[in-house]
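The structure appears below as structure tokens.
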Number of protein chains: 2
Amino acid sequence: MAETDPNLMLPIHEQISEALRSRIRSGELPVGSRLPAESTLMEEFSVARGTVRRALRTLNEQGIVQTLQGKGTYVRSGRPEPSIAQTLVGLSESLSYSEKSLTTTVLRQDIVPASAYPEFPSTLDPAEQLLFLDRVRSLDDIPVARLKNWVRLSLAPGIDGTDFETTALFTALDRRATGHLSSGRRTFEAVLADGDIANTLRISTSVPLLFLKQVTYLDDGAVVECSDVWMDSQHVTVAMNLIR
Amino acid sequence: MAETDPNLMLPIHEQISEALRSRIRSGELPVGSRLPAESTLMEEFSVARGTVRRALRTLNEQGIVQTLQGKGTYVRSGRPEPSIAQTLVGLSESLSYSEKSLTTTVLRQDIVPASAYPEFPSTLDPAEQLLFLDRVRSLDDIPVARLKNWVRLSLAPGIDGTDFETTALFTALDRRATGHLSSGRRTFEAVLADGDIANTLRISTSVPLLFLKQVTYLDDGAVVECSDVWMDSQHVTVAMNLIR
DNA sequence: CAGTGGTCTAGACCACCGG
DNA sequence: CGGTGGTCTAGACCACTGC
């Protein structure tokens with residue numbers, strides 16, 4: 001693997017996976033076709049087998065190819081459209097695939113001490129400042145989701161000046177965070193709406209809601225943000241695509 | 001790594017990841033603590049570094065630990081919920097990471113014509129045979145999930161002879177399906193239990209349940225199975241890990 | 001600086017698949 | 001059977017972390 005610009009130096013396994021991705025995009029490796037055997041790729045890229053396998057692992061994890069023992073590695077049939085749940089994106093990024101108009105109303109946007117939210121999923125100095133965001137998302141003017149977010153201001157300085165009616169939280173985080181957003185975790189539960197939630201979603205308290213708890217991590221493992229989301233599944237469904 | 005029973009022979013890296021999972025469950029490795037360094041684990045298990053890394057990779061993918069360059073591998077905060085959602089696995093595969101005992105009761109196991117389930121997510125000959133499975137999953141004898149599955153017998157011949165109290169559906173599908181399981185799709189909703197569901201889960205009809213609709217595809221894109229799952233989120237939480 | 005994980009090599013043996 | 005991927009070893013060098 002030649003590499004001309006030292007600034008663009010990427011691990012060899014990433015260069016290989018990108019080269020293969022490119023062949024798949026161009027149609028040189030059509031859907032359903034078999035990739036060259038690992039031994040062939042070793043020779044072609046002049047690397048050890050472990051490096052080829054590391055590259056193929058990435059493509060498998062991305063759902064681009066599927067490796068079958070004793071048979072080979074095959075280009076997957078057409079990639080499913082981006083799903084809301086599989087990669088780390090904000091709710092608005094995923095809902096925006098819909099044709100309906102998405103609007104956001106900010107109910108509260110305050111700076112609070114960490115002691116005001118002891119459930120924050122990592123231990124904080126009680127005096128640390130958090131940005132508290134309380135919003136309602138509507139599709140075609142029907143409220144469908146209530147979102148409460150807590151953001152560590154020390155890890156996203158200046159984010160409190162954002163207009164969150166027009167800017168998605170993830171967009172602001174990408175710009176302001178001291179590190180890169182790296183991973184997240186979501187849990188799903190079913191709950192009944194409490195009075196406050198029911199009011200803003202204009203439903204009764206006996207309606208079951210989809211409740212998501214989310215945590216967003218930076219590269220270094222620090223929790224930069226966490227959120228509670230209640231969704232009315234009569235109006236929005238959470239879907240995800242899965243890879244074996 | 002000694003291995004006495006050749007029938008139970010598992011790859012060494014899986015034995016190591018299970019050993020570490022067990023230490024985490026038992027509290028020997030508490031939340032937030034650092035795992036032994038890879039070099040230490042090499043000595044302890046008498047394996048090469050690559051094998052240790054393969055084991056840690058599994059735990060990372062399952063969201064149980066988080067590895068940080070130059071620092072170490074840490075036990076993740078939060079309950080170790082099984083991450084059912086990121087890769088295509090059956091419910092039992094994901095719940096089995098819990099320390100509780102998982103049991104399955106089969107309520108019905110019948111062959112029905114496709115006409116009996118018009119909601120099947122692909123167009124079928126009304127006379128085609130489907131295996132209908134109706135099961136209850138319990139953790140420590142508390143019923144936590146009700147599962148209804150419809151499997152196309154023509155794509156998984158002989159699967160109707162399986163004992164589904166001891167064999168997971170995905171295990172049977174892996175063995176019987178005419179192609180490889182390749183992908184799937186899940187949707188999440190919150191619903192109220194109807195009378196029948198409430199009875200089997202021993203809850204009232206006003207309890208909100210997590211409702212999952214799932215579809216499983218083969219390599220060639222054919223729908224081989226679909227299912228409806230109701231889960232009591234007071235007892236089980238669905239979690240997923242997300243990568244940016 | 002020492003310790004950690006990330007990458008990479010060059011071999012080896014095995015299990016699975018298909019003809 | 002030959003070809004494929006799955007596992008595993010025993011090294012090596014490097015980048016990042018924290019003291």
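Each chain gets a letter, A, B and so on, in the order its sequence line appears, and its residues count up from 1.
- One can place CD1 of B:Ile16 at 13 Å from C1' of D:dT9, the figure rounded to the nearest angstrom.
- When only modelled atom types and interatomic distance are considered, A:Glu14 and A:Thr58 share no side-chain donor-acceptor pair under 3.5 Å.
- When the P atom of C:dC8 is taken as reference, atom CZ of A:Phe45 falls 13 Å away, rounded to whole Å.
- One finds no salt bridge joining B:Asp228 and B:Arg146 here, because no Lys/Arg side-chain nitrogen approaches an Asp/Glu carboxylate oxygen to under 4.0 Å.
- Computed from coordinates, the B:Ile12 CD1 to D:dT7 P distance equals 11 Å when rounded to whole Å.
- Going from atom CD of A:Glu43 over to atom C1' of D:dG3 covers 14 Å, rounded to whole Å.
- Between C:dT7, D:dG18, D:dT9, one nucleotide has an atom nearer to the side chain of B:Lys71 than all others, and that is D:dG18.
- Regarding B:Asn60, its CG atom lies at a distance of 8 Å from the P atom of C:dG6, rounded to whole Å.
- Residues B:Ser233 and A:Glu189 bring no donor and acceptor atom of their side chains to less than 3.5 Å of each other.
- In terms of phosphate contacts, B:Arg53 brings a side-chain nitrogen or oxygen within less than 4.0 Å of OP1 or OP2 of C:dG6.
- The phosphate of C:dG6 (OP1 or OP2) has no side-chain N or O of B:Arg49 nearer than 4.0 angstrom.
- B:Glu225 and B:Asn149 share a side-chain donor-acceptor pair at under 3.5 Å.
- Using modelled atom types, one side-chain atom of B:Ser26 and one backbone atom of B:Glu28 make a donor-acceptor pair closer than 3.5 Å.
- Nucleotide C:dG5 holds its C1' atom 11 Å from the OH atom of B:Tyr74, rounded to whole Å.
- Both A:Pro11 and A:Gly70 lie near DNA chain C, and the one whose nearest nucleotide falls closer to the 5' end is A:Pro11.
- The side chain of B:Gln69 has C:dG5 as its nearest neighbour among D:dG18, C:dC8, C:dG5.
- Contact annotation for B:Arg34: backbone-only contact, meaning every heavy-atom pair under 4.0 Å involves sugar-phosphate atoms and none involves a base.
- Residue A:Leu68 is classed as a sugar-phosphate contact, given heavy-atom separations below 4.0 Å to backbone atoms only.
- Under 4.0 angstrom from either OP1 or OP2 of C:dT9 there lies at least one side-chain N or O belonging to A:Thr51.
- As a whole-Å value, the separation of A:Glu38 CD from D:dG2 C1' is 16 Å.
- Of the candidate nucleotides C:dG5, D:dT7, D:dG5, C:dG5 has the atom nearest to the side chain of B:Ala37.
- If you measure from atom CE of B:Met42 to atom P of D:dT7, you get 19 Å, rounded to the nearest angstrom.
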